[in-house]
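Written below as structure tokens is the structure these notes are about.
Hydrogens, waters and symmetry mates play no part in the numbers below; they use all other heavy atoms, side chains included. Note that the structure is a prediction, hence the values are computed from the model and not measured.
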Amino acid sequence: MTLWQPVSASVWQGRDDRAEASNALRLFQTVRQCEHFTPGASGIALIGFACDEGVRRNHGRPGAALAPDVLRSALANMASHQGHDRLWDMGSIYVEGEALEAAQQALSDAVLACQKSGMRTLVLGGGHETAWAHGRGVLDAFANERVAIVNLDAHLDLRNADRSTSGTPFRQLARYCAAQSREFQYACLGVSRAANTEALWDEAARLNVTLVEDLRFSRDALSSLEKVLVQADRIYLTIDLDVLPAGEMPAVSAPAALGISARELLPVIECICRSGKLQAADLVEFNPQYDRDGQGARLAARLAWQIAHWWA
């Protein structure tokens, strides 16, 4: 993969508490960094997708290309508990100029290689154009299984466009499934009716998307999720950080006026992780340029931390 680069050793730095006890460890001490892209037989492959070309095409606020290493740095000093010693940092894929599609193909290939080798994938985007690449890799890895996509997001991202953007990934995945005569199983939880046109709502109905609106999240999310889990063999979880309230997550392309709090999201994420069906997860749309004192980076990193911990 010519678009792949390893992560600088300077990114994974933190406080050393080993003088206190042998297990007083932090993630920077337990994550395994790969100098070459070589998937292992097990563990969690941490992959960066340093891209905001899809956001730019969708007329959003660019800056998400900086996210993967900022989130790695925020993760580095967090305590290492069960599951975190299974993290392998596989490096990042970068977009060359406007060549988004080439980078998406590189990410799909990387995800497919990791999944086929027995690894799960945790991708740090990047805009939500990450999902077309990540989801396609997971679908290809489990071509004969029922793969459900669970999107925690204020937006449906079912836009129709002549090329890939941060607003098109699930329409692209729907078409990909249709071309293979495969069921498209998609749930969007936390979606805002105010942030999606009637045309997008109609497209969701046509595709039989499972929907839970932001106003009904606390009441309906877990029950709707249980139905999705029963009908799936594998789950691909994608978290658009703009599902969070702008007060909690200011550092995104499109801050939410209302949003779902992290405390409401975490039980849903935990349920997916503990289901035994979660095969892949990503966090997207983090934009460090709009962060406030690292608040958004710490919250996004905590979500990634919890996924790795519960995945164990």
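Remark: side-chain polar atoms of Gln104 are paired, donor with acceptor, to backbone N or O of Glu129 under 3.5 angstrom. Here the side chain of Gln115 pairs a donor or acceptor atom with the backbone of Gln279 at under 3.5 angstrom. For Asn287 (side chain) and Pro62 (main-chain N/O), a donor-acceptor pair under 3.5 Å exists by modelled atom type. Between the Asp153 side chain and the Val243 main chain, no donor and acceptor come within less than 3.5 Å of each other. Not a single donor-acceptor pair under 3.5 Å links the side chain of Thr168 to the backbone N or O of Arg171. Side-chain atoms of Gln185 come within 3.5 Å of backbone N or O of Gln231 as a donor-acceptor pair. Side-chain atoms of Trp12 do not come within 3.5 Å of backbone N or O of Val7 as any donor-acceptor pair. Counting only distance, with no hydrogens or angles, the side chain of Gln5 and the backbone of Tyr94 share no donor-acceptor pair below 3.5 Å. Counting only distance, with no hydrogens or angles, the side chain of Thr130 and the backbone of Gly127 share a donor-acceptor pair below 3.5 Å. No side-chain donor-acceptor contact under 3.5 Å links Thr238 to the backbone of Asn151.
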Evaluate the side chain to side chain contact (heavy atoms under 4.5 Å, CB included) criterion for residues Thr30 and Leu87: first the C-alpha distance (whole Å), next the side-chain angles of each, then the deciding distance (0.1 Å), finally the verdict. CA-CA 8 Å; Thr30 59; Leu87 276 171; over 6 Å; no
Determine whether Val147 and Arg182 satisfy the following criterion, side chain to side chain contact (heavy atoms under 4.5 Å, CB included), listing intermediate values before the conclusion. CA-CA 10 Å; Val147 176; Arg182 184 173 184 173; 3.6 Å; yes
Verify side chain to side chain contact (heavy atoms under 4.5 Å, CB included) between Ser42 and Trp88, making sure each step is shown before the conclusion. CA-CA 10 Å; Ser42 63; Trp88 293 78; 5.9 Å; no
Ile269 vs Leu152, side chain to side chain contact (heavy atoms under 4.5 Å, CB included): CA-CA, chis, key distance, verdict: CA-CA 9 Å; Ile269 296 170; Leu152 302 181; 3.7 Å; yes
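Looking at Leu283 and Leu122, their side chains come closer than 4.5 Å, going by heavy atoms from C-beta outward. Contact annotation: the side chain of Thr165 never approaches that of Asp157 to less than 4.5 Å [non-hydrogen atoms, C-beta and beyond]. Within the 4.5 Å cutoff, the side chain of Val268 has no heavy atoms near those of the Ile260 side chain. Side-chain contact check for Phe286 versus Val70: some heavy-atom pair is nearer than 4.5 Å. Using a 4.5 Å heavy-atom cutoff, the side chains of Asn160 and Glu203 are not in contact. Residues Ile149 and His134 form no side-chain contact, since every pair of their non-hydrogen atoms from C-beta on lies 4.5 Å or further apart. Contact annotation: the side chain of Thr210 never approaches that of Lys227 to less than 4.5 Å [non-hydrogen atoms, C-beta and beyond]. Two residues are said to be in side-chain contact when any heavy atoms from C-beta on lie closer than 4.5 Å; Trp4 and Ile47 fail this criterion.
Ala281 and Trp311 get closest at one heavy-atom pair: N-CH2, 4.0 Å. Taking both residues in full, the closest heavy atoms of Ala131 and Leu173 are given as O-CD1, 3.7 Å, listed atom of the first, atom of the second, then distance. Scanning both residues, Gly40 and Met119, for their nearest heavy atoms gives N-SD, 3.1 Å. What you find for Phe49 and Ala103 is that their closest heavy atoms are CE1-O, 3.6 Å. The two residues Cys34 and Pro6 make their nearest non-hydrogen contact at O-CB, 4.0 Å. Heavy-atom minimum distance, Pro250 versus Pro255: O-CG, 4.2 Å.
Between Cys114 atom SG and Arg120 atom CZ the span is 13.5 Å, to the nearest 0.5 Å. We find the CD1-CG distance between Ile272 and Leu237 to be 4.5 Å, quoted to the nearest 0.5 Å. Expressed to the nearest 0.5 Å, how far CG of Asn196 lies from CG of Leu156 amounts to 4.0 Å. The distance from atom CG of Asp220 to atom CG of Leu211, rounded to the nearest 0.5 Å, is 11.5 Å. Taken from OG in Ser253 to CD in Glu285, the straight-line distance is 5.5 Å, to the nearest 0.5 Å. Rounded to the nearest 0.5 Å, atoms CZ (Arg159) and OG (Ser164) are 13.0 Å apart.
A donor-acceptor contact closer than 3.5 angstrom is absent between the side chains of Asp242 and His128. With 3.5 Å as the limit, one finds no donor-acceptor pair spanning the side chains of Gln295 and Asp291. Counting only N and O atoms by type, the side chains of Arg72 and Ser92 include a donor and acceptor under 3.5 Å apart.
Following chains of ILVMFWY side-chain contacts shorter than 4.5 Å, one can reach Leu229 starting from Trp310, so the two form part of one hydrophobic cluster. Note on Ile235 and Leu207: separate hydrophobic clusters, where clusters join Ile, Leu, Val, Met, Phe, Trp and Tyr whose side-chain heavy atoms are under 4.5 Å apart, directly or indirectly. In terms of hydrophobic clustering, with Ile, Leu, Val, Met, Phe, Trp and Tyr side chains grouped at heavy-atom distances under 4.5 Å, Leu215 and Leu189 are assigned to different clusters. Residues Leu46 and Val111 fall into different hydrophobic clusters, defined by Ile, Leu, Val, Met, Phe, Trp and Tyr side chains chained together at heavy-atom separations under 4.5 Å. Using a 4.5 Å cut-off between side-chain heavy atoms of Ile, Leu, Val, Met, Phe, Trp and Tyr, with links allowed through other members, Val95 and Val55 fall into different hydrophobic clusters.
Just one of Leu71, Leu66, Asp69 meets the side-chain contact (heavy atoms from CB on, under 4.5 Å) condition when paired with Pro288; it is Leu66.
By the ring-ring contact (aromatic ring centres under 6.0 Å, His included) test, Trp305 is found to be paired with His81, His84, His309, residues two or more places apart in sequence or in another chain being considered. For Asp17, the salt bridge (Lys or Arg N to Asp or Glu O under 4.0 Å) partners are Arg15, Arg26, not counting sequence neighbours.
Salt bridge Arg136/Glu101: absent, no basic N to carboxylate O contact under 4.0 Å.
Between Tyr186 and Phe170, the ring planes are parallel. Angles under 30° get that label, and only those over 60° would be called perpendicular.
Within a 6.0 Å sphere centred on CZ of Arg61, other residues, nucleotides and ligands contribute more than 12 heavy atoms.
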